[in-house]
Amino acid sequence: MSTVVDDICELLDSYNGRDKVVRLACYTFKLYGCLIGEKPWQAAGSRLSNARMMLRLFDDIPMIRHTYNYGLGKHESSKVAATLGVLANMVDQVFLPVEKACWLHELGILKLSTETADKLEVFSTALWAASLYISLIQTIQSVQHLWWSKDCLEKSEGGSDVKQKLDIRLVLQMVTASKLCLDITHAVSCLPSGCLWGEKIGATKIAAIATTSSVIGIAMYFAKKRLLK
């Protein structure tokens, strides 16, 4: 029992861990509110979503440091991986101030025309979807690399412990890819009608997709903690 409590406290003590928990609560409330037709539950989910956005307001400096430390990705195993890493950093770096601009407009601090504000909101959502898509490509590359490593290990008759860890990492990466597919479905559905499947998925299905993704995210946290010791 104490181990479970310790794990939960450790999850909540970290920024990323707490964000995962708040995200799960956010979309669970929204899903429940959609299912029973109660707007207060949906409003509670929206408040939690706003809380996550408030915390992201201070992510610029850590993101700048990460982008600077990553550089041109010279430490990556291939030029493709380095290019994807640089592109991902650029997209995430641009997303943060764009999201802040949208927030300032909603508060009435930043004066924008309705047309400009709408375009900025769409641009913010498109950056979110693009970031997820790049992450999916990176994850698929990682899966391919793990498959290659596994084949090489089998040919060289490597140790069983190494093979087992490779199998675990492979499964975890495949689950990560599935989660990213759910997140991409969610992000694109928030785009205006005419952009792929934008606005074609109902609020209940979107909430269900996001809730499932959130559950997977927390499950992956504990799985990595347990299986990749």
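Owing to the predicted nature of the structure, the values given are computational and were not obtained by experimental measurement. If you read the sequence from its start, that first residue is 1, and numbering goes on from there.
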Step-by-step side-chain contact (heavy atoms from CB on, under 4.5 Å) determination, Tyr27 to Leu31: CA-CA 6 Å; Tyr27 289 114; Leu31 177 59; over 6 Å; no
Can you confirm whether Ile61 is buried at CD1, in the sense that more than 12 heavy atoms of other residues, nucleotides or ligands lie under 6.0 Å from that atom? no
Look only at the side chain of Thr211 and the backbone of Ala207, and say whether a donor-acceptor pair between them is shorter than 3.5 Å. yes
Consider only side-chain N and O atoms of Tyr68 and Asn89, and report whether a donor and an acceptor are under 3.5 Å apart. no
In terms of hydrophobic clusters joined by side-chain contacts under 4.5 Å, are Ile109 and Leu112 together? yes
Same hydrophobic cluster for Leu172 and Ile140, using side-chain heavy-atom links shorter than 4.5 Å among ILVMFWY? no
Around His145, counting heavy atoms of other residues, nucleotides and ligands shown, do more than 12 lie under 6.0 Å from its NE2? no
Tell me whether Met220 at atom CE has more than 12 heavy atoms from other residues, nucleotides or ligands lying less than 6.0 Å away. yes
Between SG on residue Cys102 and CG on residue Leu110, distance to nearest 0.5 Å: 9.0 Å
More than 12 heavy atoms of other residues, nucleotides or ligands under 6.0 Å from CE of Met63: is that the case? yes
Between the side chains of Arg226 and Asp7, is the shortest nitrogen-to-carboxylate-oxygen separation below 4.0 Å, so that they form an ion pair? yes
Are Ile218 and Val4 linked, directly or through other ILVMFWY residues, by side chains that come within less than 4.5 angstrom of each other? yes
For Val98 and Leu127 the tightest heavy-atom approach is CG2-CD1, 4.2 Å
As a quick check of understanding, evaluate side-chain contact (heavy atoms from CB on, under 4.5 Å) for Phe95 and Lys100, giving each step before the final call. CA-CA 9 Å; Phe95 170 79; Lys100 268 187 273 293; over 6 Å; no
Can you tell if the side chain of Leu191 reaches within under 4.5 Å of the side chain of Glu199, non-hydrogen atoms only? no
Could you tell me if the side chain of Ser113 sits less than 4.5 Å from the side chain of Thr116, heavy atoms only? yes
Is a side-chain donor or acceptor of Ser189 paired with a backbone partner of His186 at a separation under 3.5 angstrom? yes
Please tell me if the side chains of Lys225 and Glu10 come closer than 4.5 Å, counting only heavy atoms from C-beta onward. yes
Closest approach of Leu84 to Ile137 (non-hydrogen atoms, all atoms of both residues): CD1-CG2, 3.6 Å
CD1 of Ile134 to CE of Met90: how many Å apart, nearest 0.5 Å? 9.5 Å
How far does CG of Leu166 sit from CH2 of Trp147, to the nearest 0.5 angstrom? 10.5 Å
With distance as the sole test, does Lys74 use its side chain to make a donor-acceptor pair with the main-chain N or O of Gly71 at under 3.5 Å? no
Other residues, nucleotides and ligands only: do more than 12 of their heavy atoms fall within 6.0 Å of CZ on Arg47? no
How would you list all residue pairs meeting side-chain hydrogen bond (donor to acceptor under 3.5 Å, both in side chains) that involve residues 174-184, not counting sequence neighbours? Arg23-Asp183, Lys179-Asp183, Lys179-Ser213, Asp183-Ser213
Should Leu146 and Gln173 be marked as a side-chain contact (heavy atoms from CB on, under 4.5 Å) after you check the CA-CA gap, both sets of side-chain angles, and the distance that decides it? CA-CA 9 Å; Leu146 287 170; Gln173 287 295 88; 3.8 Å; yes
Does CG belonging to Leu72 count more than 12 external heavy atoms closer than 6.0 Å? no
Might you point out which heavy atoms bring Gln138 and Ala88 nearest each other, and give the distance in Å? NE2-CB, 4.3 Å
Among the clusters formed by ILVMFWY side chains lying less than 4.5 Å apart, do Leu12 and Val215 turn up in the same one? yes
Could you grab the distance from atom CG of Leu136 to atom CD of Gln141, nearest 0.5 Å is fine? 11.0 Å
CD1/Ile216 to CG/Leu24 distance, rounded to the nearest 0.5 angstrom? 11.5 Å
Got a donor-acceptor contact below 3.5 angstrom from the Lys30 side chain to the Trp41 backbone? no
For Tyr70, which of Arg65, Glu76, His75 qualifies under side-chain hydrogen bond (donor to acceptor under 3.5 Å, both in side chains)? Glu76
What one should report as the nearest heavy-atom pair of Ala187 and Leu132 is CB-CD1, 3.9 Å
Minimum heavy-atom distance between Val86 and Gly73, given as atom pair plus value: CG2-N, 4.4 Å
Donor-acceptor pair, Ser214 side chain versus Ala210 backbone, under 3.5 Å? yes
Determine whether the side chains of Thr67 and Gln93 contain a donor N or O and an acceptor N or O closer than 3.5 Å. yes
Check Ala130 against Val91 and note the closest heavy-atom contact, atom names and distance. CB-CG1, 4.3 Å
Is a donor on one side and an acceptor on the other found under 3.5 Å between the side chain of Asp19 and the backbone of Tyr15? no
Heavy-atom side-chain contact between Met54 and Trp103 under 4.5 Å: yes
Could you check whether any side-chain N or O of Thr212 sits under 3.5 Å from a backbone N or O of Ala208, counting only pairs where one atom can act as donor and the other as acceptor? yes
Exceeds 12 heavy-atom contacts within 6.0 angstrom, atom OH of Tyr221: yes
Would a hydrophobic clustering, with Ile, Leu, Val, Met, Phe, Trp and Tyr connected at side-chain separations under 4.5 Å, put Phe123 with Ile184? yes
If only side-chain N and O atoms count, and only distance matters, is there a donor-acceptor pair under 3.5 Å linking Ser124 with Glu99? no
pair Cys195-Val188: side-chain heavy atoms closer than 4.5 Å: no
Trp197 atom CH2, neighbour heavy-atom count above 12 within 6.0 Å: yes
Working to the nearest 0.5 angstrom, can you tell me the gap between Leu55 CG and Arg52 CZ? 9.0 Å
